[in-house]
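What follows is a short report on a single structure.
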Protein chains: 2
Amino acid sequence: MAGSIQSVERAAAVLRLLAGGERRLGLTDVASALGLAKGTTHGILRTLQQEGFVEQDDASGKYQLGAELLRLGNSYLDVHELRARALVWTDDLARASGESVYLGVLHQQGVLIVHHVFRPDDSRQVLEVGAMHPLHSTALGKVLTAFDPVAHREALELERERFTPRTVTAADELEGVLDLTRARGWAADLEETWDGVASVAAPVHDRRRMPVGAVGITGAVERVCEDGEIRARLVAAVRDCARAVSRDLGGGRF
Amino acid sequence: MAGSIQSVERAAAVLRLLAGGERRLGLTDVASALGLAKGTTHGILRTLQQEGFVEQDDASGKYQLGAELLRLGNSYLDVHELRARALVWTDDLARASGESVYLGVLHQQGVLIVHHVFRPDDSRQVLEVGAMHPLHSTALGKVLTAFDPVAHREALELERERFTPRTVTAADELEGVLDLTRARGWAADLEETWDGVASVAAPVHDRRRMPVGAVGITGAVERVCEDGEIRARLVAAVRDCARAVSRDLGGGRF
DNA sequence: GTTCGGCGGTCGACAATGTCGAACACCGGA
DNA sequence: TCCGGTGTTCGACATTGTCGACCGCCGAAC
């Protein structure tokens with residue numbers, strides 16, 4: 001039995017399908033999307049529902065993701081060592097920079113946000129923990145792509161979507177950006193992902209000097225930039241934070 | 001095939017086990033905890049790992065929850081209708097009350113926090129989305145227990161832990177509290193869960209008048225209370241917010 | 001009101017599937 | 001070097017999940 005367990009694989013596929021589609025999906029939708037018999041699909045859905053991973057709307061009979069996933073996802077964060085070490089430093093960074101702080105790790109073909117500190121003002125902000133950001137256009141993504149070989153391969157193999165006129169999509173151009181990132185130890189995103197939004201990020205290393213994640217700040221380009229470049233003060237603050245977290249990861253274990 | 005799919009059930013049990021234990025677990029630990037053969041357990045873990053639901057520490061070989069769960073949990077929030085409707089109102093409530101706002105739904109034997117607005121000041125706060133709160137001692141929990149028959153049964157069947165000297169654990173005493181809650185339409189928690197912390201909450205109903213969740217605020221007892229009671233202004237603000245969300249969901253007309 | 005098409009859900013036969021336990025390779029400590 | 005422990009692989013067995021036809025239901029169409 002060298003392979004994987006079929007039914008578990010299929011259950012995972014169901015969950016991923018439900019996560020993708022914005023609205024609820026019916027039994028028949030799920031079955032046809034996965035190419036399974038209705039009976040089989042129903043069995044999987046019934047089990048997932050029983051376990052709390054999937055919920056069914058009483059009225060329409062359609063299925064959606066369940067609350068248990070949120071609870072488990074939260075448990076993942078509790079165990080996450082990088083996040084635990086970074087909590088205090090990212091808070092300081094938000095205070096010092098006056099911008100939102102993000103902590104991301106490589107996951108599949110993107111950056112998974114595992115921590116997010118709101119910009120310290122009263123503005124209305126949406127929490128982005130659990131969200132995915134692209135590798136080739138965000139500061140976090142560029143840092144991971146530059147320092148993590150796995151991320152590098154993913155970013156090159158992947159189709160690089162153009163989000164704004166400034167998004168870098170050509171492979172050779174991206175390589176140049178990554179070289180620059182490696183050389184100076186940080187990366188920027190100047191309106192390459194969202195119009196009017198810029199970000200800076202620096203890598204976090206573990207005790208073996210392997211890249212495990214990236215921290216960065218994101219904010220309106222008018223505040224974060226000066227003369228078309230990220231303010232040096234902010235770059236320094238981000239790099240200080242990344243170094244502090246890296247030091248914490250290298251020291252305190254065992 | 002009226003039952004559930006065994007392997008999916010077992011995979012869910014593995015995930016729940018990993019979520020429970022604080023630190024990573026080894027293959028043998030998981031196998032013995034679930035009463036399964038090592039080979040079987042390994043197959044499940046291998047599949048879950050392949051799907052990203054579980055990660056394995058290269059050094060120790062031990063297993064922990066994976067990043068994909070965080071991503072799926074986040075997707076759950078995106079679909080969540082109650083949360084979407086509540087976003088704007090809870091923000092206003094935080095501003096008006098000056099305290100943290102929580103939005104919770106019944107999940108298993110507790111309250112699952114699906115939205116959390118930080119207290120609008122610069123203090124350091126931990127995001128609690130995805131966390132579980134007890135039914136019998138928190139304001140959110142009491143509201144759900146009072147208005148949702150399912151929650152009511154859970155709370156009575158469950159062993160009610162004593163968190164502080166003021167926690168209500170006796171069944172008949174709790175019933176009295178629930179009667180009061182139903183009568184006045186809101187519930188309070190005066191240092192019954194955490195010392196020095198008080199909270200108020202009110203129920204959110206859907207279009208069929210069924211309770212679907214609860215909103216509430218939580219804060220230091222010195223700020224939230226006056227003469228040993230919740231400030232009337234805060235109670236009114238919370239109830240207004242709950243009514244507003246209910247109205248948005250298509251519920252009450254007033 | 002009645003028909004019809006689609007929905008979610010069920011059932012039972014079949015064999016593909018996952019399970020089990022023994023055996024494996026590997027590591028660290030004694 | 002040995003040992004006890006780990007995670008991992010393997011093959012025989014029968015349990016288990018799969019499939020597709022079938023059922024009852026609901027809402028739209030007419």
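For C:dG8, neither phosphate oxygen OP1 nor OP2 lies less than 4.0 angstrom from any side-chain nitrogen or oxygen of A:Q49. Residue B:T40 has a polar side-chain atom (N or O) positioned under 4.0 Å from OP1 or OP2 of C:dC20. Applying the 4.0 Å criterion to OP1 and OP2 of C:dG9, one finds that A:Y63 has a side-chain N or O inside that range. Distances shorter than 4.0 Å separate some side-chain N or O of B:H42 from OP1 or OP2 on D:dT8.
Distance CD1 (A:I44) to C1' (C:dT17): 13 Å, rounded to an integer number of Å. We find that CG of B:L45 is positioned 15 Å from C1' of C:dT19, with the value rounded to whole Å. One atom, CZ of B:R24, and another, P of D:dT6, lie 17 Å apart when rounded to the nearest Å. Distance CG (B:L27) to P (C:dC20): 13 Å, rounded to an integer number of Å. Across the protein-nucleic acid pair, B:R46 atom CZ and D:dT9 atom C1' stand 9 Å apart, rounded to whole Å. Counting to the nearest Å, the P atom of D:dC25 and the CG atom of A:D58 are 18 Å from each other. When rounded to the nearest whole Å, the span between CG of A:L36 and P of C:dT17 equals 12 Å. Note: CD1 (B:I5) to C1' (C:dG9) measures 14 Å, nearest angstrom.
Residues of residues 6-14 of chain B that place a heavy atom closer than 4.0 Å to DNA chain C, in numerical order, are B:Q6, B:S7, B:R10.
The salt bridge (charged side-chain N to carboxylate O under 4.0 Å, His left out) pairs that include a residue from residues 57-71 of chain A are A:E68-A:R71, A:E68-B:R16, where partners are two or more places apart or lie in different chains.
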Inset, instruction - Could you walk me through whether B:H42 and B:Y63 pass ring-ring contact (aromatic ring centres under 6.0 Å, His included), step by step? - result: CA-CA 11 Å; B:H42 179 63; B:Y63 294 92; 7.3 Å; no
Inset, instruction - Give the C-alpha distance, both sets of side-chain angles, the deciding distance and a yes or no for ring-ring contact (aromatic ring centres under 6.0 Å, His included) between B:H133 and B:W194. - result: CA-CA 11 Å; B:H133 287 186; B:W194 301 280; 5.4 Å; yes
Legend entry - Test side chain to side chain contact (heavy atoms under 4.5 Å, CB included) applied to B:D206 and B:M210, step by step: CA-CA 6 Å; B:D206 67 1; B:M210 293 296 290; 3.5 Å; yes
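Under the side-chain contact (heavy atoms from CB on, under 4.5 Å) criterion, A:R153 pairs with A:V150, A:E157, not counting sequence neighbours.
We find the NE2-CG distance between B:H152 and B:L144 to be 12.5 Å, quoted to the nearest 0.5 Å.
Listed nucleotides: D:dT6, C:dG8, D:dT9. Nearest to the side chain of B:T28: D:dT6.
Heavy-atom distances to DNA chain C give each of B:A37 and A:G26 a nearest nucleotide, and the one nearer the 5′ end belongs to A:G26.
Screening B:L27, B:L34, B:T28 for a side-chain contact (heavy atoms from CB on, under 4.5 Å) involving B:V30 leaves a single residue, B:L34.
Under 3.5 Å, the side chain of B:K38 and the base of C:dG21 form no donor-acceptor pair of N or O atoms.
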